[in-house]
Amino acid sequence: MSKQIDSVFDGAGAKPGLEIWCVEKQLRLVPVPKSLHGKFYSGNSYVVLSTVLPRSGPPQHDIHYWLGKDANEVESTLASDKALELDSALGSCTVQYREVQGQETEKFLSYFKPCVIPIEGVFSSDSGQLNGESYKISLLTCKGEHVVSVKEVPFSRSSLNHNDVFILDTASKIFLFSGCNSSTQERAKALEVVQYIKENKHGGTCEVATVEDGKLVGDPEVGEFWSFFGGYAPIPRDSPCVEKQSDSPFSQLFWITAQAKLCPCEGSSLNKEMLETNKCYMLDCGAEIFVWMGRNTSITERKKSISVTEDLLRNQGRSMATHLTFLTEGLETSIFRSYFNNWPQVVEPKLYEEGRGKVAAIFKQQGYDVKELPDEEDCQPYINCRGKLKVWRINGEQLTLIPDPEQTKLFSGDCYIVQYTYPGNGRDEHLFYAWLGRDSVPDDRADAISHMNAIADSSKRDPVLVQVNQDKEPLLFFSIFQTVIIFKGGLSKRYKNLIAEKGILDETYDEQKTALFRVQGISPENMQAIQVDQDILLHNNNPCDCNATKSLCKCKFQLLTPKPWLRFENQRMRDLGNGERGQGVGGEWSVGWGTHGERDQQVSNSLNSSYCYILQTGTSIFTWIGNLSSTVDHALLDRMLELINPTWQPISVREGSEPDIFWNALGGKTEYPRQKELKQHVEDPHLFTLTFVDGDFKVKEIYNFAQDDLTTEDVLILDCHEEIHVWIGSHSNVKSKQQAILLGMKFLQTDPLVEGLSSETPIYVITEGREPLFFTRFFEWDSSKANMHGNSFERRLAIIKGKKQNLEVHTSKSWKASSKETTPDGLRSKSVSSNGRNSTSPVSSASVTHFNSPTNYQFSTPAPTARKLFPGSPFHESAGSPKAEAESPSQAAVLAQVDGNDASENSVIYPYERLKVNSSDPVTDIDVTKREVYLCDEEFREKFGMRRKAFYELPKWRQNKLKISLHLF
């Protein structure tokens, strides 16, 4: 095979970045120097290799062969063949794309930001320049909101239209003409192309002028622009373009035979089993065609398959915009996989994790203690963990504030709201979580989201909001708690009412009951104890007094009444005939005509060799140490014992040396996982833009993303696989964080990467200008860009014309001044060491970057239909809304706790006369829905006749009525 590979590819793909080769007229491939990357000549064909080194896993390679519009067929075919040779040289581990000039894929264009402007002529490796290049006036059209497709059009008035953005490049000045129907994002991206042309073709010295479609000639620059076209004349209206689209996406799978024939594959739907590893296939999807090549196919077979597909395009007269993608088995793209039903998810563990686990196991079995090295990047919380914590439990329609000593104890049948305040850069930052217990009632879940939005809105600080489901908690959630104990059962009214109505056993934790806890964590500042399932004997639907499992019960009992509805989560039913008997240790039990609940698995199935456990039996305490657990796990086990109950005197048990009494307490010995739990293959994050019009939800990936892709008019999602971040631009049409959470849930359902995203993946909601460090770490972040005003076009124009904006960040108080007030002694600690001394969380060495947002958001509470958003709860039926307890604080009282002081937290103050809707000198760059927040305290009390706190406790309709009367709404 090596004889078939061009020597020019020696060493290709060894380093991250781009490598480019050009097909010269002598039909040979020559490398293109980096100084000429991005300059493509229309008379040539090119091969482009992109190599990325992800956070984990092997290098990722993408090959593109680019065909200039003036390149001949022989050169184009050679580029296609060379791309396949390069794939073979890289071990057939690439995805290949055909790129046609003017119809390039967005992935290809993302390599050459801000744009690719093809050059007329032919590339020559001897001089590195084209033959006969000369400067001339040109007219370019720009399309695209995140990557720009630039195409030269005839220099004529007839080339202009109302839908696109055009650049007129002259010797002394560059004009940007914006069609009246073009978007703000397209205009802003076109300005980046203007900046590129100014710097690369004019040495950065020419002038830049912008021309609005429909603007009259009164402006000198407008007149100058039209003078190049022989004077002003109106642009005719574009004729409506009617594109007939099919109701369902078209797709047809063909087998490509050894004789280069296409044979349709039979079947009403596509599935992976149809693809055989020794064959090649073509999937025709209309606007895009895929060629799938099995692992056991030869280069010759693959070349034939590609040639057949390209011939098909030419013979059928298909559009040049049809994209061709060539895939090797095992490297299928998400778009390709989306056409198949239930494409299997492949879990690829980190190789070094697997190897480290095996080596650790071998040494530990030999009696050596092996410390494991955590992934420092994954364990970094990225924010200061010395802040202040407040926790509320959803209790019916009310909120119950949890006392500080009980804040770290959560119940799986309840929902909680967590407010975390931590010192940032110049002011306090705020983070709100809605934690939804696995067994919580749907009404409690909906109210948790509603209350979280209301409390966060009242804070007037534009905080980050997070929706978290039990068992899917991100590292940051556990880091701010430092220590968490999650018990089974619940304390909320709705949970208690539901289990009473349905006759369900109340599994709420009690020190007198049997309970098994799994201990986990990465350090004393981040450790958890999770209560796992245990097997309990039921007598007449109640736990037996002996508190033993059925096989150990020493009591005799009888179910006299049939109860066919007796069902429990994770339990199965066994029907017993009248008079049937069963023998137990120390006695026997009998059943009349009825049913008896029995666990699917014995509790020992909840054990895992990778962890340590605490077993509480009511009379004894055991600690169980798994063979694959680390010394860190052992230390956490000791600390957790003291936190749960300092008076316990545990019996320590190591895996493999358990006494009978231990297994008896668990209901008998059975099999359990004994392999090291491996981390999944961690992908790099992906950025998506969302569009939603009239219920139509569309997702589009932004490749090779950067901070500049966070355009202020958009809503974007950063998919980090284990969590997603919904970013809201200040000029987007999403003004509610609750709406943003719903968009995040819709994204999880869509799963655009076909990666098996869980619907319970944590959802962060972040607003422009207030991005936390755990979000900005995925970008090369420039804080000055985050503080600019105006829409994306105005911001870009200010940069090009050298206008400096006032980027000063105003803050109400610095964190140095407030840290002692927020956290006594400047510290917060919930961890207690084995010697009884307090343990503190280390301060993050990196300060949290703070950004000021010119726009504050007002969020409304959800409609009652929001309660139907959580059908996945084990309790599908609503438990109703019981009356609130008299001692439970109202939502208004909670809001007052959050925003207790009367002082305005807003950083900018304006007089009432300038804030009025009918002001003769109105203020700009404010949130017009919250004009009252810009009043000073004295003027606020004078106009409203009350303090801010009292005003925000009023119903929303009453607030708006008062603001209308004062011309502030």
Side-chain angles (χ1 to χ4, degrees), residues 353-374 483-486 511 513-524 526-535 547-549 551-552 585 599 601-679 831-835:
E353 286 284 347
E354 184 177 6
R356 183 173 63 180
K358 290 180 178 179
V359 171
I362 293 172
F363 274 90
K364 288 183 179 181
Q365 288 183 1
Q366 297 296 326
Y368 295 97
D369 191 15
V370 180
K371 291 186 178 181
E372 295 193 19
L373 302 176
T483 300
V484 176
I485 306 173
I486 301 179
E511 287 191 359
K513 296 180 180 178
T514 299
L516 181 66
F517 294 90
R518 182 181 70 245
V519 179
Q520 61 188 40
I522 58 175
S523 71
N526 187 323
M527 60 179 182
Q528 306 87 44
I530 315 295
Q531 186 179 357
V532 296
D533 289 335
Q534 68 259 9
D535 192 7
N547 198 37
T549 61
S551 61
L552 297 176
V585 177
R599 285 284 179 181
Q601 300 173 335
Q602 291 171 292
V603 69
S604 55
N605 257 356
S606 296
L607 297 176
N608 187 305
S609 298
S610 299
Y611 295 100
C612 296
Y613 290 80
I614 299 172
L615 175 62
Q616 166 193 319
T617 66
T619 57
S620 302
I621 303 296
F622 293 91
T623 59
W624 186 85
I625 301 173
N627 282 336
L628 296 179
S629 59
S630 67
T631 53
V632 173
D633 296 326
H634 306 164
L636 297 183
L637 179 64
D638 294 336
R639 296 173 66 88
M640 191 59 74
L641 274 170
E642 293 190 21
L643 286 172
I644 297 179
N645 192 330
T647 65
W648 280 349
Q649 298 296 323
I651 302 172
S652 181
V653 174
R654 281 193 170 270
E655 182 180 4
S657 59
E658 301 90 348
D660 291 340
I661 188 175
F662 175 83
W663 293 120
N664 291 341
L666 292 177
K669 186 176 181 179
T670 186
E671 289 301 315
Y672 56 85
R674 300 173 186 269
Q675 291 78 32
K676 178 67 176 178
E677 287 195 344
L678 302 177
K679 290 185 179 181
S831 301
V832 180
S833 64
S834 57
N835 58 14

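Index from 1, following the sequence. Both backbone and side-chain heavy atoms feed into the values below; hydrogens, waters and symmetry mates do not.
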query: Under the criterion side-chain contact (heavy atoms from CB on, under 4.5 Å), which of Val653, Leu615, Ile614, Ile651 is the partner of Trp624?
result: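 Filter result, single survivor: Val653.
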
query: Stepwise, does the side chain to side chain contact (heavy atoms under 4.5 Å, CB included) test hold for Leu666 with Leu607?
result: CA-CA 10 Å; Leu666 292 177; Leu607 297 176; 4.1 Å; yes

task: Would you check if there is a donor-acceptor pair between the side chains of Asn526 and Ser523 at a distance under 3.5 Å?
output: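 On atom types as modelled, these side chains do not qualify, holding no pair under 3.5 Å.
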
- prompt: Between the side chains of Asp533 and Gln531, does any donor sit under 3.5 Å from an acceptor?
  reply: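 Looking only at side-chain atoms, Gln531 and Asp533 do not form any donor-acceptor pair under 3.5 Å.
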
message: Walk me through whether Ile486 and Gln528 qualify under side chain to side chain contact (heavy atoms under 4.5 Å, CB included).
response: CA-CA 8 Å; Ile486 301 179; Gln528 306 87 44; over 6 Å; no

query: In chain order, what residues pass the ring-ring contact (aromatic ring centres under 6.0 Å, His included) check against Phe517, with sequence neighbours excluded?
result: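 Testing Phe517 for ring-ring contact (aromatic ring centres under 6.0 Å, His included), a comparison that skips the adjacent residues, returns Phe487, Tyr509.
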
[X] side, atom [atom1]; [Y] side, atom [atom2] - distance, nearest 0.5 Å:
X      : Y      : atom1 : atom2 : value
Leu637 : Tyr613 : CG    : OH    : 11.5 Å
Ile625 : Ser609 : CD1   : OG    : 12.5 Å
Asn664 : Thr617 : CG    : OG1   : 11.5 Å
Thr647 : Leu641 : OG1   : CG    : 10.5 Å

- prompt: Short question: side chain of Ser657, backbone of Arg654 - any donor-acceptor pair under 3.5 Å?
  reply: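 Checking the backbone N and O of Arg654 against the side chain of Ser657, a donor-acceptor pair under 3.5 Å is found.
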
query: Any sub-3.5 Å donor-acceptor pair from Gln520's side-chain atoms to Tyr611's backbone N or O?
result: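 No, because the side chain of Gln520 does not come within donor-acceptor range (under 3.5 Å) of the backbone of Tyr611.
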
Taking the side chain as every heavy atom from C-beta outward, state whether [X] and [Y] have any atom pair closer than 4.5 Å.
X      : Y      : result
Thr483 : Met640 : yes
Arg518 : Ser606 : no
Leu643 : Met527 : yes
Phe622 : Glu658 : no

query: Under 6.0 Å from the CZ atom of Arg674, do we count more than 12 heavy atoms belonging to anything else shown?
result: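 Correct, the count exceeds 12.
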
message: So which atom in Ser610 and which in Gln675 form the shortest heavy-atom distance, rounded to 0.1 Å?
response: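 Answer, listing the atom of Ser610 first, then Gln675: OG-O, 3.5 Å.
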
